Protein chains: 2
Amino acid sequence: MAKKTTIYDIAKELNITVSTVSRALNNISTISESTREAVLEMAKKLNYRPNKVASSLTSGKTYIIGVLLPSAQIQFFASVIHSLEKYLKSFGYSTLLYQTNESLESEKDGISTLLEAQVDGIIASLSLETEEDISHFEKVKEEGKPLIIFDRTHDNLDAPVVKINDEQAGYLATKHLLDKGYRKIAYITTKHRIKIFRERYEGYQKALREAGISPNPSYAILGELTVEGGYTGTNNLLRLKDRPDAIIGGDDYVALGIIKALHEQHITPPSIGVIGFANQNFSEHIIPSLSTIDQQAIQMGKECAKLFLKIIERKHLEEKTMEPVILSPILLPRESTNRKS
Amino acid sequence: MAKKTTIYDIAKELNITVSTVSRALNNISTISESTREAVLEMAKKLNYRPNKVASSLTSGKTYIIGVLLPSAQIQFFASVIHSLEKYLKSFGYSTLLYQTNESLESEKDGISTLLEAQVDGIIASLSLETEEDISHFEKVKEEGKPLIIFDRTHDNLDAPVVKINDEQAGYLATKHLLDKGYRKIAYITTKHRIKIFRERYEGYQKALREAGISPNPSYAILGELTVEGGYTGTNNLLRLKDRPDAIIGGDDYVALGIIKALHEQHITPPSIGVIGFANQNFSEHIIPSLSTIDQQAIQMGKECAKLFLKIIERKHLEEKTMEPVILSPILLPRESTNRKS
DNA sequence: GTGAAAGCGCTAACAA
DNA sequence: TTGTTAGCGCTTTCAC
């Protein structure tokens with residue numbers, strides 16, 4: 001391949017200097033229309049392609065933003081990635097992805113990697129392992145770069161946040177079951193001490209209390225957020241003397257496991273009600289269709305991107321704490337809870 | 001924040017030169033153990049973080065690879081992203097993501113963006129819109145950068161390929177149905193002229209011919225690869241005088257739509273057999289569980305990464321055309337086709 | 001084993 | 001409106 005053409009090549013051809021070329025290419029005001037056109041034409045002719053790495057070195061901006069999250073395998077995060085990349089791209093930003101795979105150590109490596117790549121900011125969601133130690137996130141701010149935390153947030157982390165109202169999510173799911181006439185409502189969720197799951201659980205309890213029902217401790221199952229988790233948990237619940245008449249799954253996969261276990265006992269929702277969280281794209285189409293709480297992944301990605309752009313813009317103004325962006329969860333009632341009450 | 005520390009700061013503190021510091025940091029042979037340690041220690045003390053942008057400018061390597069694909073919303077691609085990023089990371093590469101959203105124009109922009117970012121290579125899967133015009137991919141090679149195409153490949157594109165044997169995939173699905181005693185096998189797929197879908201269809205026809213069955217043209221439905229597509233297609237099939245006794249869905253979502261339409265007619269597989277492609281993670285858990293052909297997304301991502309690393313290594317050796325990597329599809333027989341034959 | 005110095009491709013003062 | 005000239009932070013010859 002021929003050597004790559006640079007702005008020097010363009011300058012030489014046109015008998016002007018590189019600064020003029022640079023100005024023309026970046027469409028900077030103080031340039032005559034004629035030279036601008038000449039430069040652009042020559043650039044095309046010489047097959048010029050700007051080297052962003054070089055321009056980053058001088059300008060200090062890479063127009064790359066780092067996205068750090070547990071795993072693209074989890075559909076919620078895949079949707080956020082989709083939305084983030086799509087939106088940021090339209091503002092000239094590229095997306096550098098780093099998955100933590102739920103490991104704290106990997107999360108730390110990720111922050112280092114992204115920072116070394118000189119990203120203009122980081123949008124992150126915490127790993128399940130992340131508890132006390134959040135020093136790696138502090139470093140992002142120490143370097144003066146915007147840090148946005150979404151969905152899996154953290155109490156001690158002073159950074160702008162985008163999430164849904166998780167307590168309301170738990171409340172909505174429970175209230176819906178209550179409205180449908182269910183009374184003995186169980187809840188299968190994760191054993192990890194992640195804030196959003198605690199909050200949903202609190203919403204669950206709140207709804208029960210409002211209905212004058214005191215939460216039954218044996219109805220709370222802590223396990224894994226997987227089909228297996230839902231399956232095992234349900235089997236445990238079915239062994240109770242006082243069986244629940246409805247089960248909330250920590251996410252839609254858990255709900256799938258619940259339905260599976262029920263099916264083996266020849267029980268089909270909504271005779272026992274089942275509801276999940278996340279609105280995975282299969283939920284609407286399985287039989288019976290699964291009631292769920294939509295977590296607004298697409299919207300969340302977009303809000304993260306908007307927030308980032310906003311922070312970047314006012315960078316040199318006041319660095320005051322941003323208001324958290326709290327999205328509202330959406331109840332999607334479907335067959336799996338549609339009991340005639 | 002304080003100004004970022006550079007190798008100059010380290011050099012000054014230690015009364016040595018930046019070249020020595022650079023050598024120490026990069027662990028280059030010709031350096032004494034003692035200075036190496038001193039540098040590393042000082043680096044830590046000063047909170048030094050290497051600037052990869054700067055090193056990229058001189059070395060010409062960014063250790064970033066560009067991943068260009070239709071959408072992270074499509075679970076197959078999300079899995080490939082997951083796998084790619086995970087594997088590449090372990091070899092020191094970061095992943096820059098660009099989604100085409102099935103648009104040719106966006107695909108072209110994507111190539112430009114990635115090239116401007118000076119990625120060390122591009123791993124791509126074509127958009128549905130991409131047909132004749134593949135000039136943008138040629139540019140990658142013109143710049144002397146490795147280009148790998150996976151899954152959605154293209155006949156006229158001379159680049160190393162990673163895919164599954166799609167004809168075999170179609171064949172396997174059809175053969176499985178035949179083995180289960182189904183004879184009137186319909187096929188709902190996409191109307192887009194994408195190679196892999198054509199090949200699967202050819203596998204379908206091959207299996208039928210081998211069984212002495214001549215494909216019935218009214219059993220081939222061309223529509224969209226969505227739940228809707230499966231639903232609509234199935235309703236059309238059910239209106240035929242001579243109804244099929246089994247339906248192949250172009251992917252698992254299509255299969256979901258097929259099952260939905262059947263359910264509305266009070267038909268439950270396997271009384272009419274249903275099989276999909278992709279092994280989406282819900283397929284195993286819906287009721288009835290869905291037979292499908294696994295497309296090895298995880299393996300595919302890993303093979304792409306391996307191929308990339310291999311090419312990068314031998315870069316300056318012979319640039320001979322690489323053998324395509326063809327993975328074998330895996331039949332996963334489940335309840336939706338489990339008819340007693 | 002270490003230092004000196006050029007330069008990667010571009011931007012951005014400062015001059016003119 | 002355009003040119004001159006330093007760098008940005010690092011790597012890499014070529015000396016010593």
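Labels below follow one simple rule: chain letters A, B, ... track the order of the sequence lines, proteins then strands, and each chain is numbered from 1. All values reported here derive from a predicted model rather than from experimental measurement.
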- Message: I'd like to know if B:E13 and B:K45 make a salt bridge, using a cut-off of under 4.0 Å between side-chain N and carboxylate O.
- Response: no
- Item | Check: A:Q118/A:S56 side-chain N/O donor and acceptor closer than 3.5 Å | no
- Locate the shortest heavy-atom distance separating A:I196 from A:K163; write the atom from each residue and the value. CG2-CE, 4.5 Å
- Query: Heavy atom of residues 16-25 of chain B under 4.0 Å from DNA chain D: which residues?
  - Reply: B:S19, B:S22, B:R23
- May I ask you to verify whether the side chain of B:Y8 and the base of D:dC10 hold a donor-acceptor pair under 3.5 Å? yes
- Message: Taking CD in B:E105 as the centre, count heavy atoms belonging to other residues, nucleotides or ligands within less than 6.0 Å. Is the count above 12?
- Response: no
- For B:D109, all residues meeting side-chain contact (heavy atoms from CB on, under 4.5 Å), sequence neighbours excluded: B:Y98
- Item | Of A:N156, A:D158, A:L147, the residue whose pairing with A:F137 passes side chain to side chain contact (heavy atoms under 4.5 Å, CB included) | A:L147
- What are the residues of residues 31-48 of chain B, sorted by number, that bring a heavy atom to within less than 4.0 Å of DNA chain C? B:I31, B:S32, B:T35
- Task: Respond yes when some side-chain nitrogen or oxygen of A:N26 is under 4.0 Å from OP1 or OP2 of C:dT11, and no when none is.
- Result: yes
- Nearest-nucleotide comparison on DNA chain C, the residue closer to the 5′ end among B:N15 and B:A54: B:N15
- Rounded interatomic separation in angstrom, taking NZ from B:K52 and P from D:dT11: 11 Å
